[in-house]
Amino acid sequence: MIIKENIALSENGFVFNPSTGDSFTLNNTGKEVLMMIKDGKNLSQIADLMLVRYDADRVTIERYLEDFLNDLSLNNLMEE
Amino acid sequence: MAKLIFERPTITRLTPGVPSKHGVGTAIAPMPLIEGIKVDDLMDKYGSPLSIFSERTIQKGMEDIKRAFSIRYPKVQMAWSYKTNYMDAICRIFHKEGSWAEVVSGFEYEKALRNGVRGENIIFNGPAKNAAELEKAVRNGSFIHIDHLDELYLLSDVCHRQNLEARVAVRVNMDIGIYPKWDRFGLNYENGEAWDVINRIMINPKMKLMGLHTHIGTYIMSTDAYRIAATKLADLACNIAQKFDHYISYIDMGGGFASKNTLRGAFLSGEDTTPSFDEYAEAITSAIINSQIKPDKLPTLILETGRALIDNAGFTTGSVIANKRLSDSRRATIVDVGVNLLFTSFWYDHKIHPVNSHSGLVEETTIYGPLCMNIDVIRPSLMFPALKSGDRFVITRTGAYNTTQWMQFITYRPNVILIDHNREVHVIRKGETLEDISHNEEIPEYLK
Amino acid sequence: MTALRKVTVAVTGLNNIDSPGPGIPVIRGLKESKEFDLRIIGLAYEHLEPGIYMSDLVDKTYMIPYPAEGKDVLFNRLVEIYQKEKLDAIIPNFDAELFSFIKLEKKLEESGIKTYLPSLEQFEERNKSNLPAYGEKYGVNVPSGTEVFSISDLDNTLKSMNYPVMIKGKYYDAFKAFSLEQAVSYFTNMSEKWGLPVIVQEFIRGTEVNVIALGDGKGNLIAAVPMRKQYITDKGKAWGGITIDDKSMLDLAKKIISKTKWKGGMELELIRTTDNKLYLLEINPRIPAWVYLAVGAGQNIPEALLKLTLGMDVKPYTKYDFGKMFVRYSYDMIVDLELFSRLTTTGEL
């Protein structure tokens, strides 16, 4: 689970992919997750951290994390 | 520290032409409460989906429309349009607020009687009244609005055979300069048909001409159309007075006032463009007052306003079933409210609010209902926050036509509740069960 | 020397693209005023409106919600902006947003923000779909036209018309159709984009000429400059134009402004036929994008509009230079991604 190295993520949740020229915006949770991925955390570590912070169960959090990762891949932001 | 609400993480590609949250933002404010009651509590108790009506909103609407008309015109009578919403509790609220009943079928007529409306306070409209229904209405002293010449003959026949006298009005259609022109109901003004029928009624000893009626269409945004229609009816009334020395007792302007919903395809929001009751009232009353009708002979003005009074008072709440990506990468959200419950999504861009707060970031979303049919689309495209399975939402302004035109297709229709003027909650229509749906069915012996 | 009056003005229509909005030319006019020390606030709907990035003309830009979201949403956003910028005035430049701004006029005024707009009646009356009635009421030649609401409607209407016909959107866009198929495709396109009705208009052959005009709401013509389009793009926009000495056009502008008591800027789109008759095709209820030509010809209409907005006395312009030309050009700015990122995530720049 590695995000492409050249992906730029700004403080305010703006993402730019220099290889494709696409830009994106993230919601707050999306920004947090992407930052943690950049920090090298894996899915279960991210879920652990989010479980502490958010009012949701593990199954729900993991399900939407998977979904989000899938979106990142679809948008060409992850290393294959 | 209290935990934060978990919003599913989203990433949205920026596409030219698609606004970010600052382009739309506040329009999708969360809606945790209806009439001060937590939507979550209501849905926990009464299920999802759920149809909710607010008595206070109905009362407020009635107050507004009565004020708008009565400050401009001496005699105004409301008549509740049953077809817009004929749940007994809803009808009774309108009757309690002083409305007569306006019905368009034998079924609705029976409903009105059962709701305690006196026969002489029922207006019987519609193109398909049969002899038995007509006879009953005549005996009850109801106002029968003649839709076509054949009905006039049928009614005349009923009255002669039973030796009864009918109180009638003529439904008139006319060119009022708007599209679409509604000329399938009633008798035409321009080609003289309406005048012809009026003459036949006036010389028929078994009929008493009480009023003139028109219903110019539905969701009419032009107050000028009402002004023209009222002018034409007032002219007819003058002609009747002149020729027969007969003064009709009412002019019925029908319904058709727009609610604040936004029509599909409209560029501007219905909240901005819909005329107020005052604007409609000004157009209609000034046309009648400024006509040649003598001031002491001014007829009662009847209004059959339905949609504009009940749409705002109805809410449909539901839950997200699933999210998926479409082939063009658009987000699709599947919810448990379909066109079976929200027939009006075929012509409105209904506003949808999440029950709970969200980050404000929105993405282009298609909202599908739960039915196995392709046309089950609640919103083809809107900017919507990221809801997850089980998240709840409120669709506003769903009170008109949905509980009369809904479909029992592949599933049960849900509970309908009323939040009354004291904020007490009542179930006014129980959610359906298998027994409700099948109890009229019969199985032939050999299949048992 | 006395200090210039400090004024903060918000302007919409920063889409200075190939079919440009009037915002940037309006700002250029304002900036040339010798009476004001101006702070210009841009109001934008989309992230790529070029004006947002023209920092020499626009001091700060805020994203605002589309008119379809309703006037209350717009009002709340404007109040938010007012709290930061103490706006004195707003000059809206899009047809499609005017309805909302007109409806908000009073509320904005009460909040301290001035506008200078036609009344709702004036605005509705000159609506494309009301043009035939307008022509009759004010004694102006107009092409015959019909509103259509459906394809079958369109089909019916076209049976009694000769091709080509003009197919026009409720707010913007006009296309010449030479066949039913073309008309249907434009109809579909236009109804999706701008809603119903779509207007079908008789096509009048001739030269396209325009007048920009400013009315004070009491029937006085404050400024007016006639122009002939010299080159028209495939979108029907003037790419080059020249001011002309045409009294009949000025008279028409004067007649319309005085009879309707129009308040604010307007553009008359006219056709001069070969037999020298003027037909009114459309009245745009705001300043057109070519306004800077009028400034160049000696009538600073944006400045006059701002003065009227602020309640100052404005002496009517009586002359302009004819034979002044404009040639429009496009220009590629280099924009830092950081600016775009800030705008898309915070809604202001």
Side-chain angles (χ1 to χ4, degrees), chain A residues 1 3-4 7-10 12-38 41 43 45-78, chain B residues 1-26 28-30 32 40 319-334 354-366 383-392:
Chain A
M1 202 174 75
I3 197 149
K4 282 185 180 162
I7 300 296
L9 168 64
S10 80
N12 41 29
F14 179 84
V15 175
F16 177 62
N17 181 351
S19 343
T20 61
D22 286 326
S23 35
F24 307 86
T25 53
L26 297 163
N27 64 355
N28 282 334
T29 26
K31 190 178 80 185
E32 283 175 23
V33 173
L34 197 65
M35 282 180 161
M36 289 191 266
I37 297 173
K38 281 205 126 193
K41 295 197 170 55
L43 190 106
Q45 289 168 319
I46 297 174
D48 287 342
L49 287 165
M50 299 198 78
L51 209 49
V52 178
R53 205 165 139 72
Y54 290 101
D55 179 24
D57 59 79
R58 183 163 200 103
V59 178
T60 305
I61 288 182
E62 284 192 347
R63 189 162 111 220
Y64 287 107
L65 276 177
E66 295 275 11
D67 196 28
F68 181 63
L69 289 175
N70 189 31
D71 277 353
L72 294 179
S73 297
L74 278 176
N75 283 310
N76 272 320
L77 297 170
M78 304 294 281
Chain B
M1 198 183 81
K3 289 191 177 184
L4 303 170
I5 291 175
F6 176 67
E7 183 173 84
R8 65 177 166 84
T10 63
I11 179 159
T12 311
R13 183 197 301 265
L14 287 165
T15 334
V18 176
S20 67
K21 58 179 166 178
H22 300 285
V24 281
T26 45
I28 9 186
D40 273 335
S319 318
V320 172
I321 296 171
N323 284 292
K324 56 163 80 170
R325 284 260 166 227
L326 301 177
S327 57
D328 60 359
S329 90
R330 245 179 328 139
R331 174 64 71 171
T333 295
I334 302 161
V355 168
N356 292 304
S357 63
H358 57 94
S359 69
L361 199 74
V362 290
E363 61 181 338
E364 191 185 358
T365 309
T366 301
M383 299 304 287
F384 202 63
L387 298 193
K388 44 186 197 303
S389 301
D391 281 356
R392 291 160 167 177

Does Lys388(B) come within less than 4.0 Å of Asp57(A), counting only side-chain N to carboxylate O?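 Salt bridge flag = no for Asp57(A) with Lys388(B).
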Testing the basics here: between Ile5(B) and Tyr54(A), what is the closest heavy-atom pair and its distance to 0.1 Å?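 What the structure gives for the nearest pair is O-CD2, 3.4 Å.
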Supply the atom-to-atom distance Arg8(B) CZ to Asp71(A) CG, rounded to the nearest 0.5 angstrom.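 The distance works out to 8.0 Å.
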Reported OG1-to-CG distance for the pair Thr10(B) and Leu26(A), which is rounded to 0.5 angstrom: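 Going from the OG1 atom of Thr10(B) to the CG atom of Leu26(A) covers 7.0 Å.
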With no hydrogens and no angle check, just 3.5 Å: does a side-chain donor-acceptor pair link Tyr64(A) and Ser389(B)?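 Yes, Ser389(B) and Tyr64(A) have a side-chain donor paired with an acceptor closer than 3.5 Å.
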Do other residues, nucleotides or ligands put more than 12 heavy atoms under 6.0 Å from Lys38(A) NZ?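 Counting neighbours around NZ of Lys38(A), more than 12 heavy atoms of other residues, nucleotides or ligands fall under 6.0 Å, so yes.
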Can you tell which part of Leu69(A) gets under 4.5 Å to a heavy atom of chain B, answering side chain, backbone, both or neither?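 Contact with chain B: none, neither part.
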So for Asp67(A), is it side chain, backbone, both, or neither that comes closer than 4.5 Å to the heavy atoms of chain B?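 The side chain, not the backbone.
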I'd like to verify something: which residue of Leu77(A), Leu72(A), Ile61(A) has the highest number of heavy-atom pairs under 4.5 Å with chain B?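 When all of Leu77(A), Leu72(A), Ile61(A) are compared, Ile61(A) has the most.
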Output the option from Asp22(A), Val33(A), Leu65(A) having the highest count of non-hydrogen pairs under 4.5 Å with chain B.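 Answer, by heavy-atom pair count under 4.5 Å with chain B: Asp22(A).
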Thr25(A), Asn75(A), Leu74(A), Asn27(A) screened by side-chain contact (heavy atoms from CB on, under 4.5 Å) with Ile11(B), the one that passes: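 Option passing the side-chain contact (heavy atoms from CB on, under 4.5 Å) with Ile11(B): Asn75(A).
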